[in-house]
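Just so you know, these numbers come straight off a predicted model, no measurement behind them.
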Amino acid sequence: LNTLGIACGACGRTEDAGAAFRRALRERPAYADALCNLGIALRRLGRFDEAAGALRRAVALAPESLEARVNLGKALVEGGDPEAARASLEETVARFPASAVAHDTLGIALQAGGRLDEAIGAFRAAIAIEPRDPDARNNLGIALRLEGRDAEAAASFRDALALEPGNVLVENNLGLAL
């Protein structure tokens with residue numbers, strides 16, 4: 001059932017994916033992977049509070065699940081609670097200091113909470129770990145632009161485009177910085 005949910009999600013059938021994950025959880029309520037996957041599906045559906053609940057349970061069952069922890073942070077930010085996201089993601093970064101995605105997602109939470117200097121530091125940490133990550137470079141550029149540092153932002157967007165040519169979102173961000 002968990003695999004069926006993954007397949008449904010890959011085909012864009014997010015509601016069906018959620019139903020499959022729920023069925024898996026009826027069979028095995030403490031199935032951390034199904035809880036994590038349900039949380040991701042609920043995030044995609046914009047049901048952030050439910051997503052956070054499922055992901056919190058997944059983290060409680062599998063504290064070493066980086067995927068559950070990062071998605072919990074994303075659900076909290078997307079649900080409008082950047083402070084809770086920051087706290088959760090700081091714990092994630094402490095547990096997984098070599099994870100670029102953990103640092104990048106922490107940066108997103110910090111930026112959402114208006115803590116731009118700290119967000120910039122988190123994005124730079126992500127880039128130091130994974131220099132070829134265009135998302136972290138784009139996120140760094142956004143934070144720099146929000147601080148009014150347009151020349152630095154443009155350089156970061158150019159770096160992102162060198163890694164992922166033709167990314168329209170990054171091209172748009174570069175245009176705004178210029």
Side-chain angles (χ1 to χ4, degrees), residues 2 5-6 9-10 14-15 17-22 24-26 28-147 156 160 169 173:
N2 187 54
I6 293 168
T14 309
E15 290 281 354
F21 298 134
R22 282 189 181 90
L25 290 163
R26 279 194 297 274
R28 202 165 115 204
Y31 190 2
D33 287 346
L35 279 164
C36 179
N37 291 331
L38 175 61
I40 293 168
L42 290 166
R43 262 190 63 232
R44 289 183 179 143
L45 292 169
R47 294 162 57 182
F48 304 118
D49 289 341
E50 291 175 76
L55 290 160
R56 279 188 180 104
R57 291 193 319 267
V59 169
L61 290 167
E64 296 304 316
S65 173
L66 176 61
E67 182 178 28
R69 288 175 172 278
V70 166
N71 278 285
L72 172 58
K74 289 177 180 181
L76 292 167
V77 168
E78 292 162 355
D81 194 349
E83 186 56 30
R86 180 202 53 77
S88 175
L89 288 160
E90 283 179 347
E91 183 180 316
T92 300
V93 165
R95 189 177 284 257
F96 299 96
S99 169
V101 71
H103 287 276
D104 187 49
T105 310
L106 173 60
I108 292 167
L110 290 164
Q111 181 176 308
R115 299 166 78 158
L116 292 177
D117 284 340
E118 292 172 78
I120 289 167
F123 295 135
R124 286 194 168 133
I127 292 166
I129 295 165
E130 184 49 62
R132 301 197 47 81
D133 181 356
D135 294 331
R137 290 180 182 280
N138 183 55
N139 290 335
L140 173 61
I142 292 167
L144 289 166
R145 188 171 168 276
L146 289 171
E147 277 214 326
S156 191
L169 176 64
N173 288 337

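- Counting only heavy atoms from C-beta outward, the side chains of Ser88 and Leu76 approach each other to under 4.5 Å.
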Walk me through it: do Glu64 and Arg95 pass the test salt bridge (Lys or Arg N to Asp or Glu O under 4.0 Å)?
-> CA-CA 8 Å; Glu64 296 304 316; Arg95 189 177 284 257; 2.2 Å; yes
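- Judged by distance alone, the side chain of Asn138 and the main-chain N or O of Pro134 form no donor-acceptor pair under 3.5 Å.
- In terms of heavy atoms, Phe123 sits closest to Gly107 at CZ-C, 3.3 Å.
- Atom-to-atom distance recorded for Leu35:CG and Arg22:CZ is 11.0 Å, nearest 0.5 angstrom.
- Put simply, OH on Tyr31 and CG on Asn2 are 4.0 Å apart, with the number rounded to the nearest 0.5 Å.
- A salt bridge is defined here as a Lys NZ or Arg NE, NH1 or NH2 lying under 4.0 Å from an Asp or Glu carboxylate O, and Glu83 with Arg115 meets this definition.
- Expressed to the nearest 0.5 Å, how far CG of Leu72 lies from OG1 of Thr105 amounts to 11.0 Å.
- Taking every heavy atom of both residues into account, Leu55 and Gly39 meet most closely at CG-CA, 3.8 Å.
- Side-chain contact check for Phe48 versus Leu42: every heavy-atom pair is 4.5 Å or farther apart.
- Among pairs with a residue in residues 28-44, those fulfilling salt bridge (Lys or Arg N to Asp or Glu O under 4.0 Å) read Arg43-Glu78, at least two apart in sequence or across chains.
- The line from CD of Gln111 to CG of Leu140 is 9.5 Å long, rounded to the nearest 0.5 Å.
- The distance from the CG atom of Leu66 to the SG atom of Cys36 is 9.5 Å, given to the nearest 0.5 Å.
- When every heavy atom of Gly18 is checked against every heavy atom of Leu38, the shortest pair comes out as O-CD1, 3.8 Å.
- For the pair Thr92 and Leu106, the minimum side-chain heavy-atom distance is 4.5 Å or more.
- With contacts defined as side-chain heavy-atom distances shorter than 4.5 Å, the pair Asp117/Glu147 qualifies.
- Between His103 and Ser99, the shortest heavy-atom distance links the atoms CD2-O, 3.1 Å.
- The distance from the CG atom of Asp104 to the CG atom of Asp135 is 6.5 Å, given to the nearest 0.5 Å.
- Under a 3.5 Å cut-off, the side chain of Ser156 and the backbone N or O of Arg137 do form a donor-acceptor pair.
- Looking only at side-chain heavy atoms (C-beta outward), Asp133 and Ile127 stay at 4.5 Å or farther from each other.
- Leu89 and Arg69 make their closest contact through CD2-O, 4.2 Å (heavy atoms, listed as atom of the first residue, atom of the second, distance).
- Closest approach of Val77 to Ala112, counting heavy atoms only: CG1-CB, 4.0 Å.
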